[in-house]
Q: 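Below is a structure I'd like to ask you about.
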Amino acid sequence: MAAELTAHQLIAQHRPTLDLALETIRTRAYWSPHPEHPKSYGENGSLDTAAGKAAFDALSGTRLDLGQPGTDGWVGGEVSPYGIELGVEYPHADLGVLLPAMQAGQKAWRDAGAELRAMVCLEILKRIADRTMEFAQAVMHTSGQAFMMAFQAGGPHAQDRGMEAVAYAYVEQSRTPETAEWTKPQGKRDPLALTKRFTPVPRGIGLVVGCNTFPTWNGYPGLFASLATGNAVLVKPHPRAVLPLALTVQVARDVLTEAGFDPNLVALAAERPGEGIAKTLATRPEIRIIDYTGSTAFGDWLEANAHQAQVYTEKAGVNTVIVESTDDYRGMLANLAFSLSLYSGQMCTTPQNLLIPRDGIRTDQGDKTYDEVTADLARAVDGLLGDDARANALLGAIVNPDVKARLEAAAGLGEVALASREVANPEFPDAVVRTPVIVRLDGAKPEDEAAYTSECFGPVSFAVAVDSADHAVELLRRSVREKGAMTVGAYTTDPEVEEAVQEVCLDEAAQLSLNLTGGVYVNQTAAFSDFHGSGGNPAANAALCDGAFVANRFRVVEVRRPA
């Protein structure tokens with residue numbers, strides 16, 4: 001079949017966007033081609049909020065037939081954290097049929113070259129962006145995020161991260177010229193002359209193991225990094241969050257077909273209940289790249305057992321904020337309250353440990369004792385979430401029973417500074433919505449150490465009393481080195497404390513935010529500018545996104561001949 005999207009059309013439409021992305025990753029300035037406000041949608045072919053909701057509702061009771069080879073049955077059963085059954089079925093694949101079919105299209109995809117691959121990837125992202133409101137509903141009802149967060153994080157921010165990966169992939173592939181004329185003088189003899197051709201070649205099939213909480217935001221970087229570097233990509237969604245990634249695969253297959261490539265370059269691997277195909281896939285010889293976001297236990301297993309693959313993991317860590325002093329006490333409390341509450345703390349970047357000197361802190365409102373700081377923070381969270389409508393809009397729903405169990409158990413770990421409460425959601429009566437709990441612990445007591453040195457994913461934070469700023473810095477260093485951290489925060493007006501915290505983060509490779517009191521929060525990062533994770537501590541072995549995230553997804557093969 002003739003391509004409906006020619007290379008000329010794709011380059012004409014998307015090359016300016018790629019150039020802007022390339023300039024932005026160089027300058028680290030703010031830029032996004034994807035609007036962050038729902039009112040921006042509904043024109044130029046994109047779905048508005050109502051149309052997106054209607055498209056999502058229309059999926060219920062349907063089979064999402066992707067036309068994949070090797071389909072041997074249908075699977076489904078997703079239930080929204082808001083209590084509704086999604087009612088969508090997905091193809092179940094016979095891997096012995098699907099994986100060879102995916103490999104068949106890689107030669108033409110490799111030969112297309114880095115620029116055309118990037119243009120196809122950007123067309124996929126544009127088609128996804130046109131359906132942002134539909135994807136927002138899919139993310140909301142698989143992750144439990146409140147709608148506005150599902151729209152932003154699952155839509156424009158995820159699309160930004162995908163585009164960022166495409167830009168880095170293009171940079172790394174174009175670093176080496178396609179051809180070179182090589183001439184070596186030989187004195188009186190004729191020079192040696194060779195013509196050399198350099199071709200980026202894919203490693204093989206990339207496997208994206210999706211997560212429950214951020215299926216698109218965490219899934220798109222690996223998917224587009226592998227695809228843009230010439231690899232086929234098999235997407236294995238989390239069983240509770242299939243729909244957003246299944247829709248992504250559907251869009252990708254449509255665009256690949258229209259551009260004249262094999263649609264099987266992107267495929268879905270949905271699983272039956274309890275099947276657990278991630279381990280099976282991860283060790284198959286066809287799988288040469290793995291991108292994973294999730295628990296430390298399985299991430300460690302992948303790194304130890306998937307020897308045939310290049311493995312990129314984002315696991316878990318113990319995120320810490322040191323509270324030593326501040327010149328904006330009210331702003332600090334408001335910022336921390338929002339950070340602890342957003343999406344019920346179900347983010348890999350949410351602060352867990354707040355290290356506060358037991359003798360108190362200096363502020364613009366006078367000295368505050370440890371007891372006052374913890375009580376004021378509790379009041380700030382209560383004030384932020386006191387209105388149930390606002391609480392629902394910030395908290396979303398608890399994503400699964402394990403998070404709820406951790407939240408309920410946390411109250412028994414120490415003295416409760418802020419008790420969690422149940423919030424009713426009138427629109428979704430079956431949603432499990434809970435406010436955060438803050439537990440007071442003592443950093444000098446060995447019996448408290450087990451709690452604050454272990455990750456407690458969810459709306460749980462520990463206000464840890466420490467002996468001094470030096471003690472806080474010491475605990476921070478040990479925590480990052482042994483457990484890892486996706487984020488570190490600090491509040492201090494003391495240059496020496498600031499320097500000490502910064503040195504720890506440089507030594508242990510942890511991303512640091514200092515004195516945030518406004519509308520930027522420690523658990524948020526901006527594509528094209530901020531690095532998500534560093535790849536240098538146990539929380540993750542890769543960063544989103546840098547050259548290292550894409551460069552080893554391909555190899556450069558040289559063919560040389562006499563000129």
Side-chain angles (χ1 to χ4, degrees), residues 317-342 345 347-365 367-370 372-374 376-377 380-381 438 440-441 443 452-453 455 461-526 529-534 536-539:
V318 177
N319 300 319
T320 298
V321 176
I322 291 177
V323 180
E324 189 271 339
S325 55
T326 179
D327 57 9
D328 184 359
Y329 187 60
R330 178 176 293 183
M332 180 191 79
L333 293 173
N335 193 279
L336 284 173
F338 190 93
S339 297
L340 299 183
S341 303
L342 185 62
M347 305 171 70
C348 63
T349 50
T350 300
Q352 175 179 303
N353 293 342
L354 309 175
L355 306 185
I356 307 167
R358 67 180 76 255
D359 291 336
I361 69 172
R362 299 181 312 281
T363 84
D364 58 319
Q365 297 183 19
D367 291 348
K368 299 289 183 179
T369 66
Y370 167 83
E372 287 174 322
V373 174
T374 56
D376 288 345
L377 179 59
V381 174
I438 300 176
R440 292 160 51 113
L441 297 174
Y452 67 77
T453 58
E455 190 207 12
S461 292
F462 301 115
V464 183
V466 295
D467 296 335
S468 62
D470 288 343
H471 185 203
V473 170
E474 175 195 336
L475 285 180
L476 172 65
R477 182 182 295 277
R478 182 153 56 91
S479 175
V480 177
R481 180 174 294 173
E482 295 176 2
K483 301 295 184 177
M486 295 299 294
T487 58
V488 173
Y491 290 91
T492 180
T493 58
D494 186 325
E496 291 185 3
V497 174
E498 179 178 318
E499 178 67 18
V501 173
Q502 184 171 293
E503 281 302 308
V504 168
C505 291
L506 292 172
D507 288 346
E508 306 300 334
Q511 310 293 13
L512 172 63
S513 297
L514 288 166
N515 298 317
L516 297 182
T517 56
V520 176
Y521 304 95
V522 68
N523 40 353
Q524 296 174 319
T525 57
S529 186
D530 294 324
F531 292 108
H532 176 74
S534 71
N537 68 64

Q: Please say which of V522, L506, V488, V504 ends up in a side-chain contact (heavy atoms from CB on, under 4.5 Å) with L512.
A: V488
Q: For the residue pair L355 and V323, establish whether any side-chain heavy-atom pair is separated by less than 4.5 Å.
A: no
Q: For L475, is there any backbone N or O sitting under 3.5 Å from a side-chain donor or acceptor partner on S479?
A: no
Q: Looking at K483 and E455, is any side-chain nitrogen of the basic one under 4.0 Å from a carboxylate oxygen of the acidic one?
A: no
Q: With no hydrogens and no angle check, is any side-chain donor or acceptor of Y521 less than 3.5 Å from a backbone partner on T350?
A: no
Q: Between F462 and Y452, does the ring centroid distance fall short of 6.0 Å?
A: no
Q: Using a 3.5 Å distance criterion without hydrogens, assess whether the side chain of Y491 forms a donor-acceptor pair with backbone atoms of L516.
A: yes
Q: Given side chains that start at C-beta, do those of R362 and T493 come closer than 4.5 Å, heavy atoms only?
A: yes
Q: Identify the two heavy atoms, one from P538 and one from G484, that lie closest to each other, and give their separation to 0.1 Å.
A: CD-CA, 3.6 Å
Q: Keeping the roles fixed (side chain from N353, backbone from T453), state whether a donor-acceptor pair exists under 3.5 Å.
A: no
Q: For E372 and T369, indicate whether the former's side chain and the latter's backbone hold a donor-acceptor pair under 3.5 Å.
A: yes
Q: Step by step, would you call C505 with Q502 a side-chain contact (heavy atoms from CB on, under 4.5 Å)?
A: CA-CA 5 Å; C505 291; Q502 184 171 293; 5.8 Å; no
Q: Are the side chain of D328 and the backbone N or O of T517 linked by a donor-acceptor pair below 3.5 Å?
A: no
Q: Looking only at heavy atoms, which two atoms of A463 and T374 are closest? And how far apart?
A: CB-CG2, 3.5 Å
Q: Measure the spacing between NE2 of H532 and CD of Q524 and express it to the nearest 0.5 Å.
A: 12.5 Å
Q: Heavy-atom distance under 4.5 Å between the side chains of R358 and V466, does that happen here?
A: no
Q: Rounded to the nearest 0.5 Å, what's the gap from SG on C348 to CG on N319? Could you check?
A: 7.5 Å
Q: Quick check: closest heavy atoms across V480 and A510, and the distance to 0.1 Å?
A: CG1-CB, 4.0 Å
Q: When you look at D367 and I361, which way does the side-chain contact (heavy atoms from CB on, under 4.5 Å) test go after all the steps?
A: CA-CA 6 Å; D367 291 348; I361 69 172; over 6 Å; no
Q: Ignoring hydrogens and geometry, is there a side-chain-to-backbone donor-acceptor pair from Q511 to G533 under 3.5 Å?
A: yes
Q: Taking the side chain as every heavy atom from C-beta outward, state whether N515 and T326 have any atom pair closer than 4.5 Å.
A: no
Q: Any chance you could measure E324, atom CD, to D470, atom CG, to the nearest 0.5 Å?
A: 10.0 Å
Q: Give a yes-or-no answer on whether the side chains of T487 and T349 include a donor-acceptor pair shorter than 3.5 Å.
A: no
Q: Shortest non-hydrogen contact from A539 to A485?
A: CB-N, 3.5 Å
Q: With side chain to side chain donor-acceptor pair (under 3.5 Å) as the criterion, how do D376 and Y329 come out once you've worked through the C-alpha distance, each side chain's angles and the decisive distance to 0.1 Å?
A: CA-CA 10 Å; D376 288 345; Y329 187 60; 2.7 Å; yes
Q: How far does CG of D359 sit from CG of D467, to the nearest 0.5 angstrom?
A: 8.5 Å
Q: Does the pair R481 and N537 meet the rule for a side-chain contact (heavy atoms from CB on, under 4.5 Å), with working shown?
A: CA-CA 6 Å; R481 180 174 294 173; N537 68 64; over 6 Å; no
Q: Are the side chains of L340 and L377 in contact, using a 4.5 Å heavy-atom criterion?
A: yes
Q: Hey, are the side chains of V520 and N335 touching, using non-hydrogen atoms and a 4.5 Å cut-off?
A: no
Q: Would you find more than 12 non-hydrogen atoms of other residues, nucleotides or ligands less than 6.0 Å from R478 atom CZ?
A: yes
Q: For S341 versus V381, what's the shortest heavy-atom pair and its separation?
A: OG-CG1, 3.9 Å
Q: Begin with the C-alpha distance, continue with both residues' side-chain angles, and end with the deciding distance and a verdict on side-chain contact (heavy atoms from CB on, under 4.5 Å) for V501 and V473.
A: CA-CA 6 Å; V501 173; V473 170; 4.0 Å; yes
Q: Just so I know, are the side chains of S339 and L342 near enough to count as touching, which here means a heavy-atom distance under 4.5 Å?
A: no
